[in-house]
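Everything on this sheet refers to the single structure shown next.
Everything numeric in this text was worked out from a predicted model, so none of it was measured. Read the numbers this way: they start at 1 and go in the same order the structure lists the ligands and their atoms.
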Amino acid sequence: MASVEPVGAADVTFDHECDVLVVGFGAAGAAAAQEAAAAGADVLVLERSSGPGGTSAQSGGELYLGGGTEVQKACGFDDTPDDMFAFLKAALGPHADEEKLRLYCDGSVEHFEWFRACGVPFKPTLFEKPGWMPYTEDGLMWLGENAWPYNTIAKPAPRGHRPATTMFAGGILMEKLIGAATAAGAVAHQDTVATNLVVEDGRVVGVVARKFSDRVVYRARRGVVLTTGGFVDNEDMLADHAPILLGHDKVSDGTSDGSGIKIATAAGAATRRMASVEIALTANPAVICRGMLVDGLGQRFINEDVYPGLFSHKAVQHRTGPFWAIIDEAGYEDIDEADMWGVRPVHAGETATELAESLGLPPGALEATIETYNRHAEQGEDPYFHKDAKWLRPLKGPFAAIDPRDGFFGAGRMGAGTGAGGFTLGGLHTTVDGEVLNNSGERITGLYAAGRTASGIHGEGYISGTSLGDGTFFGRRAGRKAAGG
Ligand SMILES: Cc1cc2nc3c(=O)[nH]c(=O)nc-3n(C[C@H](O)[C@H](O)[C@H](O)COP(=O)(O)OP(=O)(O)OC[C@H]3O[C@@H](n4cnc5c(N)ncnc54)[C@H](O)[C@@H]3O)c2cc1C
């Protein structure tokens, strides 16, 4: 295993010099580079791949923003930073970082305007349906704000902002952010992987990197900003810190190997919330909102209209699988073809008993779940889990079941085949300005981090758009602070 230990400045010869060296050209890196360059710093960005973008470019491109953005106003929503804070504190908790969260919510309208200034297009229309991401170009979507218990905690407003394209919008997002960083003057060195920090008198002053078989050393006069992504692609780190993700699919571009976290901890950096993860069950919210999600005992365990990441967390972390999305004929026919994501039910039955036998569920279990659900749905209520009345309707045979392990996009069983995948949320312990702290809570001078390399606003929960959201928000702050020296 190659050493990740820091190298003394006296032991290296510098090949390149800049004010601010950003390591990793994903969303957090692009945001840091743009701000540092706009503040007048001479900025270099190291990127291990042959092109920029990282996982961010492959993502859905959803950005969790609110507090009264122009898109929210155009769609008729009167949102406030306080409501956004109350929702996120509950949904990202327990143990969301309240200091970071407060800044994130208070600065959200300005952050939205920064995306617009970078050229990211947003269509001022609302996608009203439940889903992981819209198949339309709508610029705004609900992410569970209108579901119980969150609708009792904060005034509901949709806050999922999306660049104007159908389905995955990360490509457009990154094209614009990379363009903005480059236009501000940041220069990228690609195929260049950072392997160690360079230190001098207790300060981080640069990075040792490898470009193919060459060693290249960079001096950073004002600061190094680590934005190398998380560690879902590093099995050893997962085993040590976030074993819940072991065996599941990797929600990443394959470069999230924790390298930034490792070279920083080798130089004395502290970490935070390393066990926090995002985990997504590939269950289709369009199906389960109209039907139900049951576990391996045929039991419901959550209101199915909640943000899909939260039903996924509950399933994978607290219940026994396999999980089944159950739907009846009327519900199935109500779903737009595009909203099925190419998935088809592989189990069906005229009655609940026939379906349960096909699924191998304990005798009587699914029947009891459906009978109870229907009895309450007839009254327009769900006293167990508080699913919204608009999704409540007695389910009548014939029934079908969709297996999350069948994946999305009609691709059939792929990857790990567990029906779940995720990424890490924990990382380096930073201040609100991205300054990396050591285990004594002191700043490591010259070292900054953002994006999934750092621990951001998240506690134990996750809502779509908060990874790109907090990565760019705190990436910008880290870039500005580093440029200030
Ligand atoms: C399919 C999919 C959908 C998603 N949808 C959403 C969504 O809609 N909204 C949302 O908020 N999040 C979403 N996510 C999660 C989100 O994309 C990531 O959490 C986020 O992009 C991380 O951003 P980052 O800048 O920290 O890292 P990245 O975007 O991964 O960037 C890190 C960069 O650093 C480079 N790098 C790594 N190590 C080194 C090194 N040692 N030296 C030099 N370079 C290095 C990598 O090559 C990469 O380019 C999704 C992810 C996937 C895969």
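Not a single N or O atom of Gly29, backbone or side chain, sits closer than 3.5 Å to an N or O atom of ligand 1. For ligand 1, the polar-atom distance check finds an N/O of Leu468 within less than 3.5 Å of one of the ligand's N/O atoms. For ligand 1, the polar-atom distance check against Asp257 finds no nitrogen or oxygen pair separated by under 3.5 Å.
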Next on the checklist: Let's go through Leu425 and Arg452 carefully: what are the C-alpha distance in whole Å and the side-chain angles of both, what is the deciding distance for side-chain contact (heavy atoms from CB on, under 4.5 Å) to 0.1 Å, and is it a yes or a no?
Outcome noted: CA-CA 6 Å; Leu425 296 170; Arg452 299 287 58 86; 4.1 Å; yes
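For Phe168, every heavy-atom contact with ligand 1 shorter than 4.0 Å involves the side chain, none the backbone. The backbone and the side chain of Ser56 each have at least one atom closer than 4.0 Å to an atom of ligand 1 (non-hydrogen atoms only). By the criterion of a heavy-atom distance under 4.0 Å, the backbone of Gln58, and not its side chain, is placed next to ligand 1.
When atom types are taken as modelled, the side chain of Asp19 and the backbone of Ala41 share no donor-acceptor pair closer than 3.5 angstrom.
Ligand 1 has no atom lying under 4.0 Å from any heavy atom of Pro52. Contact analysis puts Thr192 in contact with ligand 1, with a non-hydrogen atom separation below 4.0 angstrom. Residue-ligand proximity: Ser49 is placed with a non-hydrogen atom under 4.0 Å from ligand 1.
For the residue pair Glu137 and Thr166, no side-chain donor N or O sits within less than 3.5 Å of a side-chain acceptor on the partner.
Counting only residues at least two apart or in different chains, side chain to side chain donor-acceptor pair (under 3.5 Å) contacts with residues 64-73 comprise Tyr64-Glu145, Tyr64-Arg159, Thr69-His161, Gln72-Asp79.
For atom 25 (O) of ligand 1, the nearest non-hydrogen atom of the protein is Ala28 N, 3.0 Å.
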